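Written below as C-alpha cells is the structure these notes are about.
Source: prediction; values computed, not measured. Counting starts at 1 for both ligands and their atoms, following the listed order. All residue numbers refer to positions in the sequence shown, counting from 1. Side chains included, hydrogens not; waters and symmetry mates left out as well; all remaining heavy atoms used.
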Amino acid sequence: MSKLDSSIAVEIRRLAKKKNAVILSHNYQPGEVQNIADYLGDSLELSRQAAKTSADTIVFCGVHFMAETASILSPDKIVLIPDKKAGCPMANMISAERLHSLRAKHPKATVVSYVNSTAEVKAESDICCTSANAVRVVKSREEKDIIFVPDKYLAAYVAGFVEKEIIPWNGFCPTHVKILPEHVTRQKELHPEAEVIVHPECTPPVIELADEVLSTGGMCKHAKKSAFSEMIVGTEIGLLYRLRKENPKKKFYPASDKAICPNMKKISLDKILWALQDMKPEVKVPEEIRVQAKKALDRMLAVS
Ligand code: 13P
Ligand code: SF4
C-alpha cells in the first residue's frame, strides 16, 4: 500500500469509529478496500451483518442492490454506498412490472428472486435467495412451479437439484459469462493438480467442468479446508486477493483474467473517506416497497 493510501486508511478507520459506522465489503472489492473493512463476505454473510449490526451507519462497499438490501433490513440505520453508480447489470435485467406480468401468467407459481435484484423486484417476490442458499430456498417452497429471477444460469444450476418446474428469467451476469469452458480447460492443462471451484452464475458448460460450485463465501471456507494446494477459480478475480491472503501456502489461478466486474471496482479508499466525511451518497428504499421487500428477505434468512 502506498503512503497516501495508508494515511487515507487510517483516516477512514478514525472517522468510522467517531461516527459509529461499520464498513462492510463484498469479496470482489479491491484489496485495499477489503483490508479496511470490518466484515468481508458474500451477499448472504453481509446481509446477516447488516441485519444485526448495532452501528448507526453502514458503509457498504459493494454494488447498489447490496446496499439496498442492508437498508431494507436495517431501516433505522444510515446506509452509504461510496459510489452511487456501482450497480449490478444483472439486477437491472428485470423490472417489477415485467415480473408482475410473468406472475400473472403463472398464478400457481412462487417467485424466488436472487438478491441480485432491485428492491422493487424483491417486493414483488415471495422469497429471496443468494448463491449460497438458492437450492435450500427453492426446496423450502411447497409450490411445484418456481419463477426464478433474474439469473437464468443460477436457475439452471438449481434445477439440477430439485424436482420442481423452474420458470427462469433471461438474465445473466456479464462478468461470469466471460468465463468460457475453454478457459477452464486451458487452466486445467496448465495446472493438472488443481481443484476447480466455480460460482453458480457461470454458464452450464463451465459448471460441468467444476469440482465444486460455491458462493464466494463458500469458496473462502472451502479453500481453507480443501486437501488441494492449487485451485482454479471461476469467479470475479477480486476474490483471489482474499483467497491468497488467507491461504498463503496455496496457489490460486483465475479461470479467466477477463472476469472483472467493473462496478465492484468503482469503490475506492478515496470514495469511502468522502462518504464518511459527507455522510452521502445514502441508499434509502421507499417505505411501502421496503416493507414488502423485507418480507421476502426475512423468509430467506429464516430458511438459511
Ligand atoms: P456471492 O453472494 O456469492 O458473493 O455473489 C455475489 C455476486 O454478485 C456474484 O457475482
Ligand atoms: Fe452483478 Fe455480476 Fe458484478 Fe456480481 S459480478 S455484482 S452479478 S455484474
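- Contact analysis puts H26 in contact with ligand 1, with a non-hydrogen atom separation below 4.0 angstrom.
- Atoms of ligand 1 lying under 4.0 Å from at least one heavy atom of S215, given by number and element, are 3 (O).
- At a threshold of 2.8 Å, atom 3 (Fe) of ligand 2 has a backbone or side-chain N, O or S atom of C261 nearer than that distance.
- Comment: K221 engages E45 in a salt bridge, judged by a side-chain N to carboxylate O separation of less than 4.0 angstrom.
- The shortest side-chain heavy-atom distance between L80 and V283 does not fall under the 4.5 Å cut-off.
- Among protein heavy atoms, atom 1 (Fe) of ligand 2 sits closest to C88 SG, 2.4 Å.
- Within ligand 2, counting atoms from 1 as listed, the ones closer than 4.0 Å to a heavy atom of E201 are 2 (Fe), 7 (S).
- Here CG of D145 is found 13.0 Å from CZ of R141. Values are rounded to the nearest 0.5 Å.
- Among all non-hydrogen protein atoms, the one lying nearest atom 2 (Fe) of ligand 2 is C173 SG, 2.3 Å.
- Atom CG of N20 is separated from atom NZ of K77 by 8.5 Å, given to the nearest 0.5 angstrom.
- Within the 3.5 Å criterion, the main-chain N or O of K266 finds a donor-acceptor partner in the side chain of K271.
- Contact annotation: the side chain of L297 approaches that of T69 to within less than 4.5 Å [non-hydrogen atoms, C-beta and beyond].
- The closest donor-acceptor contact from the side chain of K18 to the backbone of R13 lies at 3.5 Å or more, if one exists at all.
- In S131, the part holding a heavy atom less than 4.0 Å from any atom of ligand 1 is the side chain.
- With hydrogens left out, the protein atom closest to atom 5 (O) of ligand 1 is H199 NE2, 3.3 Å, a heavy atom.
- Of all protein heavy atoms, the one closest to atom 2 (O) of ligand 1 is S43 OG, 2.7 Å.
- Within a 6.0 Å radius of CZ in R244, other residues, nucleotides and ligands contribute more than 12 heavy atoms.
- Residue-ligand proximity, Y28 to ligand 1, at heavy-atom distances under 4.0 Å covers atoms 7 (C), 9 (C), 10 (O).
- N247 places no side-chain N or O within donor-acceptor distance of the main-chain N or O of K249, the cut-off being under 3.5 Å.
- Under 4.0 angstrom from ligand 1, the non-hydrogen atoms of D42 come from both its backbone and its side chain.
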For side chain to side chain contact (heavy atoms under 4.5 Å, CB included), just list the numbers for L102 and W169, CA-CA rounded to whole Å, side-chain angles, deciding distance to a tenth of an Å, and then say yes or no. CA-CA 9 Å; L102 183 63; W169 188 255; 3.9 Å; yes
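- When only non-hydrogen protein atoms are considered, atom 9 (C) of ligand 1 lies nearest to E201 OE2, 3.1 Å.
- Shortest contact from atom 8 (O) of ligand 1 to any protein heavy atom: N116 ND2, 3.2 Å.
- Which parts of ligand 2 touch P89 is read off a 4.0 Å heavy-atom cut-off, strictly below it: atoms 8 (S).
- Look at H176 and you'll find a heavy atom under 4.0 Å from some atom of ligand 1.
- Checked by atom type and distance alone, the side chain of S226 pairs as donor or acceptor with a backbone atom of F228 at under 3.5 Å.
- Here is the list of ligand 2 atoms found below 4.0 Å of a heavy atom in N116: 7 (S).
- Contact between N263 and ligand 2 is absent, with no heavy atom of the residue lying under 4.0 Å from the ligand.
- Atoms of ligand 2 found under 4.0 Å from any heavy atom of M90 (numbered from 1 in listed order, with element): 7 (S).
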